[in-house]
Each structure stands twice: as C-alpha cells, then as structure tokens.
Amino acid sequence: MKILVCITHVPDTTSKISFKDNNTSFDSAGVQYIIGPYDEYALSRAVELKEQHGGSVTVLHVGTAEAEPTIRKALAIGADDAIRVNAVASDAFFVAKQIASVAQKNGYDLILMGRESIDFNGGMVHGMVAELLQMPCITPIMKLDIEGTTAKMSKEIEGGKEYVSCDLPFVAGCQEPIAEWKIPNMRGIMSARTKPLEVIEPSAVESTLVYTTYTLPPPKGACKMIDAANAGELWQLLRNEAKVI
Amino acid sequence: MSVLVYVESNGSEIKKSSLDAVSYAAALASKISGNVTALAIGAISKDHLKDLGKYGAQVVLHAETVPESAMAIGTAVVEASKQKSAQFIVLPKSVLVDSLVGKVAVVLNAAVVSGVTELPSFDNGCKVKKAIFTGKASVQVELQSAVKIITLAKNAFPATENTGEASVENFSVSLSNLDNKITSLSKEKASGDLLLTEAPLVVSGGRGFKGPENWGVLLDLAKTIGAATGCSKPVSDMDWRPHHEHVGQTGVKVAPNLYIAVGISGAIQHLAGVNSSKCIVVINKDPEAPFFKAADYGIVGDLFEVLPKLTEAAKQLK
C-alpha cells in the first residue's frame with residue numbers, strides 16, 4: 001500500500017504571532033517551526049498502517065527549503081521518502097494543485113493530511129485534492145483501519161461521530177485520536193539523514209486570492225476579579241456590564 | 001447579482017449558524033443589489049423553510065431527497081449555484097462544510113475564504129477578513145474570481161429576524177458515482193445535549209475536578225443556565241469526558257457569547273479553542289493560573305464551593 005502524507009510547516013502552537021513590512025507578511029524571527037499537529041497525527045497513523053500492512057509512506061510538502069528540518073523530522077518519525085515542491089504555498093488551491101499533480105504522477109492508495117493547517121486554518125486542501133483527483137474526501141477522521149482494499153473510519157460530525165467505510169483510494173483529513181504522536185528514536189533520526197528527499201518545481205497555477213493586510217486583535221482589558229464569597233455577583237455583571245446573558 | 005446560501009438542519013430545525021449565514025447573505029446581497037437563494041437539504045418542514053424569508057432569503061431550493069453526506073451536498077451546492085448563476089456562495093463553517101467546500105471551489109473555479117468574520121468590503125476589489133493562527137490574528141483577503149465562496153465563522157454575524165416569507169421550490173440533484181462511494185455505517189450522537197459549537201453559553205471543566213465522578217456540580221450549573229458543556233484536553237485524554245467535548249487547538253473551537261472555564265489552567269492550546277468567545281469567565285483556585293490573563297471576569301476559589309453558589313444565584317436570577 002502506497003500512502004502519501006501531506007505536511008505543513010507551521011509556527012509552534014505556543015508562538016507569539018507578529019507581522020512585519022507594514023503588516024503585509026508574517027514575522028518569523030525567533031519562531032520555532034513544527035510539523036502541523038494534525039498532519040503529525042496523519043503521519044503517525046500512516047506509519048502504523050505501513051507497519052501492519054507493508055508498503056511505503058511518502059511525505060509531501062509544498063514550501064521553500066526552510067522547511068527541510070521539518071521534512072527530515074517526518075522521515076525520522078518513519079516515512080520512507082519525501083518530496084518537496086519548491087514554491088511558496090500561496091493559497092489552498094495552489095497547494096492542492098501541487099499535491100494532485102504529484103499524486104497523479106506517482107499514484108497512491110491513500111492520501112492523508114491534517115484536517116487543517118494551524119496557520120491559515122483553511123481546512124480546504126483535502127477537499128480540493130480529492131476533487132482534482134476525482135476521489136472521495138472524508139474529514140475529519142479520528143480512526144482509520146484498512147481491511148484489504150476497504151477502509152473503516154470514524155469521523156467527527158457535529159455533536160458526535162459517524163462510522164463510515166470507503167474503498168481505496170481516497171483523500172482524508174485527520175485529527176486526534178487517530179494515533180499517538182511518535183517520538184523519533186535515535187535510529188530514526190540517523191536514518192532520516194540519508195532517506196531520499198526529492199525537490200521538484202511547481203506546476204503553474206493561476207491564483208485568484210491575494211492576502212493583503214494582517215492584523216492582531218486589540219489587547220485584552222484587565223480581568224475583573226470577583227470575591228468567591230459573593231460569586232453570585234457574577235451574573236449581575238454578565239447581565240448589566242458585559243451584556244452577554 | 002445572486003447570492004446562494006446553504007443552510008444546515010438539525011434533523012428538522014435550521015441550525016442557528018445557518019440562520020446567521022442567511023442574514024449574512026442578505027446583508028451581502030443588499031451591498032451588491034442582489035437577491036438571496038437558500039439551499040436546504042433533507043426533511044425540513046415547509047414552515048421552517050418559508051421562515052428563512054424572515055432572515056432575508058427570497059427563494060428556498062429544497063432538495064429533500066439528497067443524502068446527508070458531504071459529497072452529495074457538495075454536488076447540490078454546485079448545481080444550485082449554476083441554476084441561480086450565483087456570484088457569491090455563503091456556507092456556515094462546520095465539519096460538514098469543511099469536507100465539501102474544497103470540491104465546490106474546484107468545480108466552480110471559485111476563490112474561497114474560510115472562517116470569514118465580517119461582511120466583504122467592495123472598495124478596490126472584494127475583500128473579506130478571516131481569522132488565522134487559530135484566532136490569534138486575522139488577515140484581509142481579496143477574492144478575484146467570478147464566483148466567490150465564503151464560509152462564515154461561527155457566531156461572527158448574529159442573525160437578525162424581520163418579517164418575510166420565502167418561496168419554496170423543490171430542487172432535484174443527480175448525483176455522480178463519486179458521491180456514493182462513502183458508506184455510512186452508524187452514527188453516535190449525544191442525544192438531547194446542546195450542540196457545543198452552536199451554543200451561546202459554554203461551561204468547560206478541567207483537571208481541577210479531580211475525577212469524572214465530580215462533574216455533577218458543572219452539569220448542574222450548565223443545566224440551570226442552559227449552557228453546553230466542554231472540557232480540556234487532559235480531561236478527554238483521561239476519558240473523564242467524551243472526546244467531542246474537548247475544546248482547544250486540536251479539539252472543538254467554540255465562539256460563544258459566554259465561556260466559563262472551571263478548573264482549567266489555561267494552556268495556550270486550550271486558549272486557541274476559545275479565544276473567539278465574546279466574554280470569558282475563569283474559576284480557579286490558583287490565582288496564578290495563566291487563564292486569568294485571557295479572562296474578562298475571574299473568581300479565585302475552590303470550584304466545589306463556587307459552582308453550587310453560582311448555580312443557586314442563577315436560579316434566583318430567573
């Protein structure tokens with residue numbers, strides 16, 4: 001079974017977010033980058049499926065050479081090889097087109113990624129990739145098992161979950177608790193250095209989205225403290241001052 | 001100019017987030033001198049559909065027999081959009097919409113922005129604002145395609161109700177093979193509970209409760225004020241509460257009018273799931289808990305004493 005896992009390279013969840021160049025671009029100074037947390041769930045499950053059923057796991061990233069340490073970490077976690085499409089990931093459709101063109105060329109039984117990136121929170125790439133490849137799209141999945149050529153999954157629905165099945169191939173967006181994150185061991189880290197990482201040039205895409213100005217929310221006012229002995233006062237404040245009830 | 005808005009139902013009733021989306025579509029349509037068509041799927045009563053007129057829809061396309069699957073609904077949105085030559089498609093952001101919006105955008109060759117928080121501005125191109133970095137910032141995006149798709153962030157644009165009645169038209173959709181490839185085996189839904197993502201009031205509990213057997217005081221408060229219940233990641237990891245109650249970066253993101261966090265220290269990953277709330281109340285026995293920095297109101301105290309007091313006071317309020 002050939003599995004493709006698409007990963008994002010995103011600021012760590014604890015990063016302080018700021019912008020530069022008159023609020024037209026993200027300021028990456030001092031920011032630690034990680035594999036997108038949802039993508040890492042997808043990768044962890046892909047590695048487990050390979051261990052159970054054999055086959056291979058390829059990681060794909062659309063981005064510049066700055067992401068190579070993140071890609072190497074994915075290899076250390078257990079992917080066999082990696083592909084980097086050498087381009088700035090300008091928007092969801094651009095990224096989806098690149099993924100679809102790699103998938104068309106190489107052919108995969110399963111294409112996994114996170115339910116959304118944690119920088120732009122679009123959650124749209126899997127749906128676009130699926131449509132471009134004329135495959136079903138299932139998201140966000142929380143459990144994934146393969147029997148023969150059929151997958152059984154559970155996916156989140158509002159207020160609960162749904163169990164579904166689908167024949168391979170398909171595209172899925174993943175979230176916890178599909179697998180536990182894997183901490184790379186020394187052997188994984190050593191072997192990641194020599195695993196193949198192919199760099200390819202992007203296919204041309206006409207973009208119809210332009211990101212213009214970034215803004216930060218206004219600073220939060222001080223927290224108003226209420227004495228625990230008179231906790232009931234809270235409701236008056238919420239009704240008359242905050243006007244939220 | 002035509003605006004198409006997809007409305008989700010909760011079995012029989014239209015969801016609040018969808019009513020918000022209809023009001024948003026109506027406000028958008030008035031900016032561009034357009035009209036609003038709503039697309040509704042499944043068994044919803046004619047009265048509920050006509051009532052969408054109160055929120056600004058002129059026409060409702062009712063596709064009663066389309067199955068409740070993202071692939072099929074995606075096809076229905078595409079077909080409805082073609083029939084009405086829609087320039088704008090408005091979708092209420094939800095897990096279902098997340099799995100169909102990519103398909104709709106590709107088929108219609110449309111630019112799409114998800115999690116939009118304001119009406120578009122039309123000076124110098126069509127620009128919308130969306131939340132990024134899980135609510136820690138926002139960005140203005142210009143859509144340059146002929147057909148434009150917006151998914152509306154939860155609780156970002158409260159519905160306004162007026163008078164009016166929409167005309168309801170039956171709508172049929174021919175599904176492709178691709179739409180039928182996913183088989184639904186079964187569903188598990190928390191019955192009778194308020195939907196966490198839709199609720200205007202949410203009460204969440206953390207490790208401060210010390211165990212699942214102590215959740216009663218939180219449930220009492222939630223029931224009294226009519227709030228949905230959530231929890232922090234450690235709580236769902238330890239199976240004290242079901243996974244679908246997990247609020248945070250990798251769980252459910254909520255944007256209620258009021259979020260009450262009890263016994264939750266306020267890790268940045270939890271804050272990422274709640275920072276779009278209009279008002280945050282934090283109850284914690286540790287005055288140094290980082291959550292107080294993100295709160296509007298705080299109470300330092302033992303939750304097992306504070307919560308029953310709040311519940312009693314809330315009963316007096318009614």
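Excluded from the calculations below are hydrogen atoms, water molecules and symmetry mates; all remaining heavy atoms, backbone and side chain alike, are included. Just so we're on the same page: letters track the sequence lines, and every chain starts at 1.
The structure places CG of A:D119 at 8.0 Å from CD1 of B:I132, a figure rounded to the nearest 0.5 Å. Interatomic distance, CG of B:N109 versus CD of A:E206, reported as 8.0 Å (0.5 Å rounding). Within the model, atoms CD1 of B:I260 and CG of A:L238 stand 6.5 Å from one another, a figure rounded to the nearest 0.5 Å. Rounding to the nearest 0.5 Å places CD of A:E233 at 11.5 Å from NZ of B:K309. We find the CH2-NZ distance between A:W235 and B:K315 to be 12.0 Å, quoted to the nearest 0.5 Å. Here CG of B:L143 is found 7.5 Å from OG1 of A:T208. Values are rounded to the nearest 0.5 Å.
Here the closest heavy-atom approach between residue A:H126 and residue B:D98 is recorded as CE1-O, 3.9 Å. Contact detail for A:P136 and B:K181: the closest heavy-atom pair is CG-CB, 3.7 Å. When all heavy atoms of B:S114 and A:G122 are compared, the pair lying nearest together is OG-O, 3.1 Å. Across all non-hydrogen atoms, the minimal contact from B:A105 to A:M128 is CB-CE, 4.1 Å.
Only the backbone of B:A131 comes within less than 4.5 Å of a heavy atom of chain A; no side-chain atom from C-beta onward does. At a 4.5 Å heavy-atom cutoff, the contact between B:V300 and chain A is made by backbone and side-chain atoms alike. Only the backbone of A:S207 comes within less than 4.5 Å of a heavy atom in chain B; its side chain stays farther off. For A:Y214, the parts sitting under 4.5 Å from any heavy atom of chain B are the backbone and the side chain alike. Both the backbone and the side chain of A:A242 come within contact range of chain B, each with at least one heavy atom under 4.5 Å from a heavy atom of that chain. Both the backbone and the side chain of A:Y211 come within contact range of chain B, judged by heavy atoms closer than 4.5 Å. For B:K293, the part lying near chain A is the backbone, with the side chain staying farther off; criterion is any non-hydrogen pair under 4.5 Å. Only the side chain of B:L201 comes within contact range of chain A, with heavy atoms under 4.5 Å apart. Contact of B:A267 with chain A is not made at all, since no heavy-atom distance falls under 4.5 Å. With a 4.5 angstrom heavy-atom cutoff, B:T197 touches chain A only via side-chain atoms. With a 4.5 Å cut-off on non-hydrogen atoms, B:L196 does not touch chain A at all. Of the two parts of B:L185, the backbone and the side chain both hold a non-hydrogen atom closer than 4.5 Å to a non-hydrogen atom of chain A.
A heavy-atom distance below 4.5 Å is found between the side chains of B:L317 and A:Q236. Using a 4.5 Å cut-off on side-chain heavy atoms (C-beta onward), A:E156 and B:H243 make no contact.
Of residues 10-25 of chain A, those residues with a non-hydrogen atom less than 4.5 Å from any non-hydrogen atom of chain B are, in numerical order, A:P11, A:T13, A:T14, A:S15, A:I17, A:F19. Using non-hydrogen atoms only and a strict 4.5 Å limit, the part of residues 281-292 of chain B facing chain A consists of B:V281, B:F292. Residues of residues 221-230 of chain A placed with any heavy atom under 4.5 Å of a heavy atom in chain B are listed by number as A:G221, A:A222, A:C223, A:K224, A:M225, A:I226, A:A228, A:A229.
Here B:Q249 is the residue among B:Q269, B:E312, B:Q249 with the most heavy-atom pairs under 4.5 Å with chain A. Note on B:G301, B:P200, B:A110, B:A295: by heavy-atom pairs under 4.5 Å with chain A, the leading option is B:A295. In terms of non-hydrogen atom pairs under 4.5 Å with chain B, the most contact-rich of A:T215, A:I118, A:L234 is A:T215. Chosen from A:L237, A:I245, A:L132, the residue pairing most often with chain B at heavy-atom distances under 4.5 Å is A:L237. Chosen from B:V306, B:L258, B:L178, the residue pairing most often with chain A at heavy-atom distances under 4.5 Å is B:L178. Of the residues considered (A:K243, A:E241, A:M153), A:E241 shows the highest number of contacts with chain B, using heavy-atom pairs under 4.5 Å. In terms of heavy-atom pairs under 4.5 angstrom with chain A, the leader among B:K129, B:K93, B:K130, B:E8 is B:K130. Counting heavy-atom pairs under 4.5 Å between each of B:E198, B:K127, B:K233 and chain A puts B:K233 at the top. Per-residue counts of heavy-atom pairs under 4.5 Å with chain B were compared for A:Q175, A:K97, A:M124, A:E158; the largest is that of A:E158. Interface summary for chain B: among A:G114, A:G123, A:A151, the most heavy-atom pairs under 4.5 angstrom belong to A:G123. Ranked by heavy-atom pairs shorter than 4.5 Å toward chain A, the options B:A137, B:S138, B:S176, B:P242 are led by B:S138. Interface remark: of the candidates A:P37, A:A92, A:P177, A:P177 forms the most heavy-atom pairs closer than 4.5 Å to chain B.
Shown here is A:E147, whose CD atom has no more than 12 heavy atoms of other residues, nucleotides or ligands within 6.0 Å. Within 6.0 Å of NZ on B:K278 lie more than 12 heavy atoms contributed by other residues, nucleotides or ligands. Atom CD of A:Q104 sits in a crowded spot, with more than 12 heavy atoms from other residues, nucleotides or ligands closer than 6.0 Å. Within 6.0 Å of the NZ atom in A:K152, the count of heavy atoms belonging to other residues, nucleotides or ligands does not exceed 12.
Using modelled atom types, no side-chain atom of B:N257 and backbone atom of A:V244 make a donor-acceptor pair closer than 3.5 Å. Judged by distance alone, the side chain of B:K187 and the main-chain N or O of A:G160 form no donor-acceptor pair under 3.5 Å.
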Please tabulate, one pair per line, all N/O donor-acceptor pairs under 3.5 Å involving side-chain atoms of residues 161-171 of chain A, not counting sequence neighbours.
{"from": "A:E162", "atom 1": "OE2", "to": "B:S184", "atom 2": "OG", "distance (Å)": "2.6"}
{"from": "A:Y163", "atom 1": "OH", "to": "B:E188", "atom 2": "OE2", "distance (Å)": "3.2"}
{"from": "A:D167", "atom 1": "OD1", "to": "A:T150", "atom 2": "OG1", "distance (Å)": "2.9"}

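Side-chain contact, A:T139 with B:S99: no donor N or O sits under 3.5 Å from an acceptor N or O.
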Task: Verdict with reasoning, B:V95 to A:K155, per side-chain contact (heavy atoms from CB on, under 4.5 Å) - done: CA-CA 10 Å; B:V95 285; A:K155 63 181 278 245; over 6 Å; no
